[in-house]
Amino acid sequence: MTALSEFGSTAPGPSQQDTAWWRQAVVYQVYPRSFADANGDGIGDLRGITGKVGYLRELGVDAVWLSPFYPSALADGGYDVDDYRAVDPRIGTLEEFDELCATLHAQGIRLIVDIVPNHTSNRHVWFQEALASPPGSRARERYVFRPGRGEDGELPPSDWTSTFGGPAWEPVGDGEWYLHLFAPEQPDLNWADDEVRQEFLTTLKFWADRGVDGFRIDVAHALAKDLTEPLASQAELDAALWGGAHPLQDRDEVHDIYREWRRLFNQYDPPRTAVAEAWVPAHRRSRYASPEGLGQAFNFDLLEAQWDAAMFASIIEENLALARESGTSSTWVLSNHDVVRHATRYALPEGTDLHAWLSTDGADPQPDEERGRRRARAATLLTLALPGSAYLYQGEELGLPEVADLPADALQDPTYVRSGGEHKGRDGCRVPLPWATQGPTLGFGDQLAHLPVPADFARFAVDSQEDDETSTLSFYRRALAERRRLQSGETLDWLTDMPPAVVAFTRPGGWISVTNFGTTPTPMPAGSVIVSSSALDGPQVPPETTVWLQQSGPHQD
Ligand code: NOJ
Ligand code: CA
C-alpha cells in the first residue's frame with residue numbers, strides 16, 4: 001500500500017488558492033461498487049478507482065464525487081449507512097481512501113464524498129441501541145418513533161407511504177413504530193435532537209480533515225420535519241404546498257442545520273464545498289445553494305426535460321437568474337445513479353413512461369439507440385457550454401445506454417420488491433463499466449460482477465473507444481479540454497435571431513454554442529468550429545447537434 005506521505009507536499013495538487021473552483025467545475029460521479037474492481041470479488045473498490053485516476057485525468061474532470069462507500073448491507077445501494085466514518089471492508093480501508101484522495105489531488109482532481117444525513121441504516125449502532133431500548137428512552141429520541149394507533153398500537157401512526165413503495169412506518173413489536181421515508185432498513189433520524197446534529201458535524205470534520213474537498217448531501221430537503229400531533233394524512237401531505245408548509249419536505253428550519261455546517265466548512269482553507277440533493281421547485285432551490293448554506297444545489301430540471309429547444313432555453317434562463325440572485329453558480333445534470341441514462345431517455349418517443357418501458361424489459365417501445373446517443377452528445381455539449389458546474393455520471397462518456405433487461409433475480413434496488421415487481425428500479429444505470437472488449441466482466445474485474453455486465457457492452461468498452469476519434473469518449477475528452485480552455489466569466493448572451501428549434505448563445509471570450517434540436521439542418525453562425533457533437537458537413541448545424549464556434553473578428557466580452 002502506498003503511504004500518504006509518498007505523494008509529498010510538492011505534488012502538483014489542486015490549487016489551495018482557488019477558493020472558487022467549484023463554481024464552474026466538471027464533477028464526475030463514481031458509483032464505487034460499479035466502477036472498477038481491483039481484487040476481482042465482483043464489487044468495485046477504492047483501489048479500482050485509484051487505478052483509474054489516469055483515465056479521469058485524461059477525461060479532464062475537475063472533481064470526483066464518490067457515492068457512498070461506507071459499511072452497508074446495501075439495502076439501498078449504500079445509501080443505508082452503518083458507520084459514517086469508515087469504509088466498507090468489501091470496498092477498501094481508510095488507508096486506501098487516503099491513497100485515492102492523494103492520487104486524485106496529485107493529478108489536480110478534487111474529491112467530494114456523499115453524506116447521508118436523513119437516515120442511518122438499521123444496522124447503525126444508534127438504531128440497534130434504539131431497538132434494544134424501551135419506548136420513551138433516550139436511544140429512541142435520535143430517530144422518529146411513535147406509538148401505533150389502535151388498541152395495542154397495531155396500526156401505523158399515520159398512513160404515510162415511503163418513496164420506495166409500501167408504508168413509511170415499521171413496527172418494532174412493543175407498540176411503537178419508526179419512520180422511514182425510504183426503505184425500512186433506512187430509519188429516519190430526528191434532526192431536532194442535538195446529539196444527531198453534533199454527530200454529523202463530527203463526521204463532516206472527519207472527512208474534511210482527511211482532505212476531502214466537498215460534500216454531496218443526500219435528501220437535503222427532508223431533514224427537518226414537523227411531527228406535531230395529530231400527524232397529517234398522506235392526502236394532506238400530497239396536497240401540501242411547497243414553500244415551508246409541508247410537514248416533511250423543504251421546511252425552512254432545515255437551513256439552520258446548513259448554516260451550522262457552513263460555519264464548519266468555512267474553517268477550512270479553501271472552504272469545503274457542498275451540493276444539496278434537494279428535490280424542490282426551482283424557486284426554493286436557492287435557499288440550499290446560498291453562500292450561507294450548502295453553497296450549491298443540484299438542478300434536475302434538464303434531467304426531467306423533454307428534448308425540446310424552448311424547454312431547454314427557459315430552464316437555462318431561469319436557473320442562471322436564480323443562481324445569480326443567490327450569489328452562487330448553477331448546476332447542470334443529465335444523468336445520475338437514480339435515473340434512466342440520458343442516451344436512452346432521448347432514444348425513446350417523447351412522453352414515454354419510463355417505469356412502464358422498464359417493465360417491458362426495454363422492448364416496448366424500442367429505443368432508437370443511434371438517435372439517443374446523438375441527442376445525448378448534443379445535450380451534453382450544450383450543458384458543458386453553460387456557466388456553472390456540470391455533473392457527469394460514470395459511463396455517460398462511453399455513451400452507455402440503460403440496461404433494461406436485467407434478470408429479475410439480479411435486481412438489487414429496493415424499489416423492485418417494495419413495488420411488488422411493478423417498478424424495476426434503478427439498477428439499469430448502475431451496471432459495471434466496460435473497460436475492455438474482452439473478458440467475462442469486460443475488464444470491470446475478474447470473473448464476477450455484482451450486477452451482470454451485458455455482452456453487448458463490449459461495443460462501448462473504453463479500450464475500443466480510446467483510439468477512435470469519432471467515439472463518444474474522444475468527444476467527451478475534446479469537449480472537456482476545450483471547456484477548460486474557454487471557460488471564463490459566468491454569463492451568457494442569447495443569440496436571438498435563431499429558428500425556434502435552435503438554442504444558441506455566446507460566452508465571454510467570444511465563443512458560441514449552438515444546438516439544433518430539430519430534424520433538418522440549420523445555418524451555422526459565423527466562426528471557426530471548436531468542437532461538435534456529431535460530424536459536420538458544410539456550414540450548417542446538422543439535426544440534433546451542438547457546435548461550439550469561435551467568433552471571428554473583434555468581439556466584446
Ligand atoms: C437519493 C439517492 O441519490 C438515492 O440513490 C437514495 O436511494 C435516496 N436518496 C435515499 O438515500
Ligand atoms: Ca472488489
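Atoms within a ligand are numbered from 1 in the order they appear, just like the ligands themselves.
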**Test log, rule side chain to side chain contact (heavy atoms under 4.5 Å, CB included), inputs S335 and R345** = CA-CA 10 Å; S335 279; R345 290 200 312 272; 4.2 Å; yes

**Request:** Take F127 and Y178 through the side chain to side chain contact (heavy atoms under 4.5 Å, CB included) test and state the conclusion after the steps.
**Result:** CA-CA 10 Å; F127 194 69; Y178 68 87; 3.5 Å; yes

**Request:** Take V144 and W169 through the test side chain to side chain contact (heavy atoms under 4.5 Å, CB included) and record every step on the way to the result.
**Result:** CA-CA 10 Å; V144 183; W169 296 97; 4.3 Å; yes

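The atom of D37 that is an N, O or S and sits closest to the Ca ion (ligand 2) is OD1. As for D45, its N/O/S atom nearest the Ca ion (ligand 2) is the one called OD2. For D41, the N/O/S atom at the shortest distance from the Ca ion (ligand 2) is named OD1.
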Report every pair formed by an N or O atom of ligand 1 and a protein N or O atom separated by less than 3.5 Å, giving atom names and the distance to 0.1 Å.
from: ligand 1; atom 1: 3 (O); to: R216; atom 2: NH2; distance (Å): 3.0
from: ligand 1; atom 1: 3 (O); to: H337; atom 2: NE2; distance (Å): 2.8
from: ligand 1; atom 1: 3 (O); to: D338; atom 2: OD2; distance (Å): 2.5
from: ligand 1; atom 1: 5 (O); to: H337; atom 2: NE2; distance (Å): 2.9
from: ligand 1; atom 1: 5 (O); to: D338; atom 2: OD1; distance (Å): 2.7
from: ligand 1; atom 1: 5 (O); to: R426; atom 2: NH1; distance (Å): 3.3
from: ligand 1; atom 1: 7 (O); to: D76; atom 2: OD1; distance (Å): 3.2
from: ligand 1; atom 1: 7 (O); to: D76; atom 2: OD2; distance (Å): 2.6
from: ligand 1; atom 1: 7 (O); to: R426; atom 2: NH1; distance (Å): 2.9
from: ligand 1; atom 1: 9 (N); to: D218; atom 2: OD1; distance (Å): 2.8
from: ligand 1; atom 1: 9 (N); to: D218; atom 2: OD2; distance (Å): 3.2
from: ligand 1; atom 1: 11 (O); to: H119; atom 2: NE2; distance (Å): 3.0
from: ligand 1; atom 1: 11 (O); to: D218; atom 2: OD2; distance (Å): 2.7

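Rounding to the nearest 10°, we obtain 160° for the angle at the Ca ion (ligand 2) between N39 OD1 and I43 O.
A side-chain N or O of S329 and one of Q296 form a donor-acceptor pair less than 3.5 Å apart. For E397 and Y28, the side-chain atoms include at least one donor-acceptor pair closer than 3.5 Å.
Using cut-offs of 30° and 60° on the angle between ring planes, the pair H337 and Y393 is tilted.
Under a 4.0 Å N-O distance rule, the pair R123/D80 does not qualify as a salt bridge.
Geometric assessment of R140 against the ring of F145 yields a positive cation-pi assignment under the 6.0 Å and 45° thresholds.
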